[in-house]
Number of protein chains: 2
Amino acid sequence: MTQLAIAQIFKALGDPVRLQIVQRLSNGAALCLGELSKDLGISRQGARKQIQALVSAKVVQLHPAGREVKVQLDAATLAQSRVFITALEAQWDERLQALKQFTEQ
Amino acid sequence: MTQLAIAQIFKALGDPVRLQIVQRLSNGAALCLGELSKDLGISRQGARKQIQALVSAKVVQLHPAGREVKVQLDAATLAQSRVFITALEAQWDERLQALKQFTEQ
DNA sequence: CAAACATGCAACTAAATGGTTGCATGTTTT
DNA sequence: AAAACATGCAACCATTTAGTTGCATGTTTG
């Protein structure tokens with residue numbers, strides 16, 4: 001996992017509309033582009049662009065099926081972002097621990 | 001935690017330069033603005049803007065001390081982003097579980 | 001006090017982003 | 001075949017973003 005790829009994942013999640021899309025996908029059944037575009041307050045093509053951003057970051061995958069395109073969450077990508085943050089937190093905790101030991105001597 | 005606040009956190013983390021800054025802070029000792037700006041490939045003021053983005057998203061806090069300003073990671077904010085992703089993953093897993101039960105009947 | 005240092009503020013530019021509209025194309029349904 | 005549906009593509013616009021430079025200000029240090 002390159003630094004850049006991780007940044008792209010966070011960037012993709014760093015927008016209220018895209019975050020809402022991701023949440024809908026984790027909640028409900030597999031949705032197609034059209035359904036997913038509803039009630040976002042923007043046009044279908046606007047929504048499509050946001051979904052494409054999620055595709056580029058591999059947060060989501062597209063599966064064409066007849067005249068529609070199903071959108072599916074990529075759990076592995078979500079996991080990568082979580083692992084990254086967890087690693088940061090671990091380093092941070094380690095540092096605090098070291099600092100504590102130092103001041104206690 | 002509003003959707004928007006979470007999006008702002010992810011947005012702040014969604015850039016290679018800012019991600020590197022955050023990693024340096026989790027690694028090493030408390031750094032001031034000047035030290036933190038080195039070796040990022042951009043000017044001091046450029047770096048300062050990126051750090052400000054992290055401050056706005058509360059990923060990082062500033063502590064003026066004499067003529068310098070110390071930069072400190074805000075572990076609580078990191079935790080919030082992790083919790084959000086973990087919740088997404090939980091919903092997703094639940095859904096898969098329900099789907100599995102359905103198909104097994 | 002003067003020099004060196006750490007930072008702040010403002011103006012500016014280039015590029016990316018978020019959104020729109022209009023129209024074309026392939027796929028079901030009747 | 002015709003209508004309705006789901007989508008794609010491209011051009012366009014406004015705003016935000018990432019970065020720059022130049023200069024001003026407060027704080028240590030010698």
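All values reported here derive from a predicted model rather than from experimental measurement. Letters A, B, ... mirror the listed sequences (proteins, then strands); counts begin at 1.
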*Asks:* Let me know, please, whether B/A47 or B/A65 comes out on the 5' side of the other along DNA chain D by nearest nucleotide.
*Replies:* B/A47
*Asks:* Where the side chain of A/Q45 is defined as all heavy atoms beyond and including C-beta, which of D/dT21, C/dG22, C/dG18 is the nearest nucleotide?
*Replies:* C/dG22
*Asks:* From C-beta outward on A/R67, which listed nucleotide comes closest to its side chain: C/dT27, D/dT7, C/dT7?
*Replies:* C/dT27
*Asks:* Ignoring backbone atoms, test whether B/R48 places a side-chain nitrogen or oxygen under 4.0 Å from the OP1 or OP2 oxygen of C/dG8.
*Replies:* yes
*Asks:* In whole Å, what is the span from the CG atom of B/L33 to the P atom of D/dG26?
*Replies:* 18 Å
*Asks:* Answer yes or no: does a side-chain N or O of A/S43 lie under 4.0 Å from OP1 or OP2 of C/dG19?
*Replies:* no
*Asks:* Rounded to whole angstrom units, what separation is found between the CD1 atom of B/I51 and the C1' atom of C/dA6?
*Replies:* 12 Å
*Asks:* CG of B/L31 versus C1' of C/dT7: gap in Å, rounded?
*Replies:* 16 Å
*Asks:* Looking at every strand, decide which applies to B/K11 at a 4.0 Å heavy-atom threshold: base, sugar-phosphate, or nothing.
*Replies:* sugar-phosphate
*Asks:* If you look at every strand shown and take non-hydrogen atoms under 4.0 Å, does A/G46 touch a base, only sugar-phosphate, or nothing?
*Replies:* base
*Asks:* Compare all side-chain heavy atoms of A/Q72 with those of A/L25 and state whether any distance is below 4.5 angstrom.
*Replies:* no
*Asks:* Between the base of D/dG8 and the side chain of A/R44, is there a donor and acceptor pair under 3.5 angstrom?
*Replies:* yes
*Asks:* With rounding to the nearest 0.5 Å, note down the distance linking CZ in A/R18 to CG in A/L54.
*Replies:* 6.5 Å
*Asks:* Can you measure A/E68 atom CD to C/dT29 atom C1' for me and round it to whole angstrom units?
*Replies:* 14 Å
*Asks:* Please state how far atom CD in B/E35 lies from atom P in C/dC5, giving the value in whole angstrom units.
*Replies:* 14 Å
*Asks:* Nearest-Å distance, CG (B/L40) to C1' (D/dT20)?
*Replies:* 15 Å
*Asks:* For A/K70, I'd like to know if atom NZ has over 12 heavy atoms of other residues, nucleotides or ligands within 6.0 Å.
*Replies:* yes
*Asks:* Please figure out whether A/G66 or A/G41 has its closest DNA chain C nucleotide nearer the 5' end.
*Replies:* A/G41
*Asks:* Output the rounded distance in Å from NZ (A/K49) to P (D/dA11).
*Replies:* 12 Å
*Asks:* What distance do A/S56 atom OG and A/I51 atom CD1 have between them, rounded to the nearest 0.5 Å?
*Replies:* 12.0 Å
*Asks:* For the pair made of CD in B/Q50 and C1' in D/dT20, what is the distance, rounded to whole Å?
*Replies:* 13 Å
*Asks:* Atom CZ of B/R82 and atom CD of B/E89: how far apart are they, to the nearest 0.5 Å?
*Replies:* 11.0 Å
